[in-house]
Amino acid sequence: MKRFLPILLVMILVVSMIGILDVSAGASISGYSSVLAGRSYTYKGTAKFTATSLICAIKGLDVWQDGDGGGSDTDKALTATASIKVSIPSSAKPGDTYTIEFWGKYQSGGEQKSFSTKKTITVVEKQTPDPNATPRPPEGWDIVKEAVREAEEGAVVEAVMEDDYKIPESLLKMIIENKNILHVNFGTYTCTIDPAKFTDIDGIKKLNLKLDFEKAAGLSEIAGNKDVYQLHFGHVGELPGMLKFTFKATENKPGDVVYLYYYYGEANVIEGKTKAVVDENGMLTFEIYHCSSYFVTSEVLEGASSNFDTETQAKLDEINITLGEKQTELDEANAKIASLEEENTVLGEDLTAAKAEAAEFEDMAEKALAEPETEDTEFSLVVLIAAVAAAIMLSILLTMLITRSGLFKRSGKATAEKNPEYQTEAVPEPKFESLDEPVQETGEDIEPEERTEQAGETEPENNNKIEF
């Protein structure tokens, strides 16, 4: 009996430890249960189990994210988490419900087990906001959306994100429409999205831009432990276009050449993808169009397909150089086109100004023809009056000339010489001895005709001339 007492105590202790572990083990979802329409909320799933491996996933409202708790050779306490940010539809009505699911698998005691849990969220009526309350500022990707809205077309938009790696589909469509380049800093790396390099715009969806650098032992073994870095992307499969990822090359120095490889697990093939040079700031940049797991080496791996020291790679480099030259020529041609367009714009403005001046002169000419200016009118009237006056004077002169009157009247002597019947006796000119002596009267009255005859006798000899 005494022999079995220690065994019993050990069994009781083991059962107690298992009970304690079972109490701490399990899965849960944290986040709001009551939500408002048109708002976004974050939900986090946490799984804790004693196992050699643990994986999980969480989803809700068409959003999902997976998580990995790691693994070991023996059972130990593992924790796996996964988070999602969901947007409640603006059309949701109070009372509508949605479900957040969290599930996964773990290996424990040599057996594969699974777990799952759910959380129901309910839409509630929005309360009247307090007018004195401080408005809630936008957060996460909403801040980036506002920056894109305010940015000019084609501008580069800088953003900083923490723990939220899934860029919304709506934001991708915004930068495509506005032709903005989005540069997102996630702390340990940056991602540059240029919509000009997208080839599948119609199939654009939310992208998971997460990048993990933690080395996987299996991949290192495949790389012959020559892997300097490993790149594990959150997105799986092809991207809508080329994305640029930049990170700090902690194991290299500026100027070092490194090589990017991809491992096809099913075919057990290593393929060389591209090579890069560490820049002067110690940063490495790779452009990729397919997300999975990659590794980077400081030397070319023997036996890899599409390797960098093959003729194929040389041809690819030659093609890239040719493409670069063609791109330069294209840029120069575009620059010339832009210059010509600018010149055409200037010429068009000059032509418009010339047309406006011509129209102005044409209006002035029409007005001049329709309504003569006052000065011309007055001048024409003066000329008309002068012409009429000249005509009248000419008529008078002609009349006087014809009638031998006025300035053209002839003297009496000339008339008598030509016409004897008009001849008369000369009348003696009275003589005055002095101014004080009165004129002697003859006592005879002289008729007007006699006075004329007498006066004619006293006219000078050149009386035949016309006097003016």
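What you are looking at is a predicted structure, and each value in this text was computed from that prediction instead of being measured.
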Is it true that the side chains of [X] and [Y] contain a donor and an acceptor less than 3.5 Å apart?
{"X": "Tyr261", "Y": "Asp227", "result": "no"}
{"X": "Glu271", "Y": "Tyr264", "result": "yes"}
{"X": "Asn178", "Y": "Asn180", "result": "yes"}
{"X": "Lys248", "Y": "Thr188", "result": "no"}

Inset, instruction - Please work out which of the three classes, parallel, tilted or perpendicular, describes the rings of Phe245 and Tyr189, given edges at 30° and 60°. - result: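 Rings of Tyr189 and Phe245: tilted, 30 to 60°.
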Carboxylate-amine/guanidinium contact [X] [Y], below 4.0 Å:
{"X": "Glu287", "Y": "Lys197", "value": "yes"}
{"X": "Lys93", "Y": "Asp96", "value": "no"}
{"X": "Lys173", "Y": "Glu169", "value": "yes"}

Inset, instruction - Step through it carefully: locate the ring centre of Phe247, locate the ring centre of Tyr229, and say whether they are under 6.0 Å apart. - result: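 They qualify: ring centres under 6.0 Å apart.
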Inset, instruction - For this output row, return yes or no: ring centroids of Phe49 and Phe115 closer than 6.0 angstrom. - result: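 Phe49 vs Phe115: aromatic centres under 6.0 Å.
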Legend entry - Check: Trp103 and Cys56 side chains under 4.5 Å, non-hydrogen atoms: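 Cys56 does not reach Trp103 side chain to side chain.
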Inset, instruction - Could you tell me whether the side chain of Phe286 reaches within less than 4.5 Å of the side chain of Val296, counting heavy atoms only? - result: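 Answer yes - side chains close enough.
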Legend entry - Distance, nearest 0.5 Å, that separates OG of Ser28 from CZ of Phe102: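 With rounding to 0.5 Å, OG (Ser28) is 7.5 Å from CZ (Phe102).
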Can you give the donor-acceptor pairs under 3.5 Å from side chains of residues 76-86 to other protein atoms, not counting sequence neighbours?
none

Looking at [Y], is its backbone amide N or carbonyl O close enough to the side chain of [X] to form a donor-acceptor pair, meaning the two atoms are under 3.5 Å apart?
{"X": "Ser108", "Y": "Thr50", "result": "yes"}
{"X": "Glu101", "Y": "Ser116", "result": "no"}
{"X": "Asp279", "Y": "Asn281", "result": "yes"}

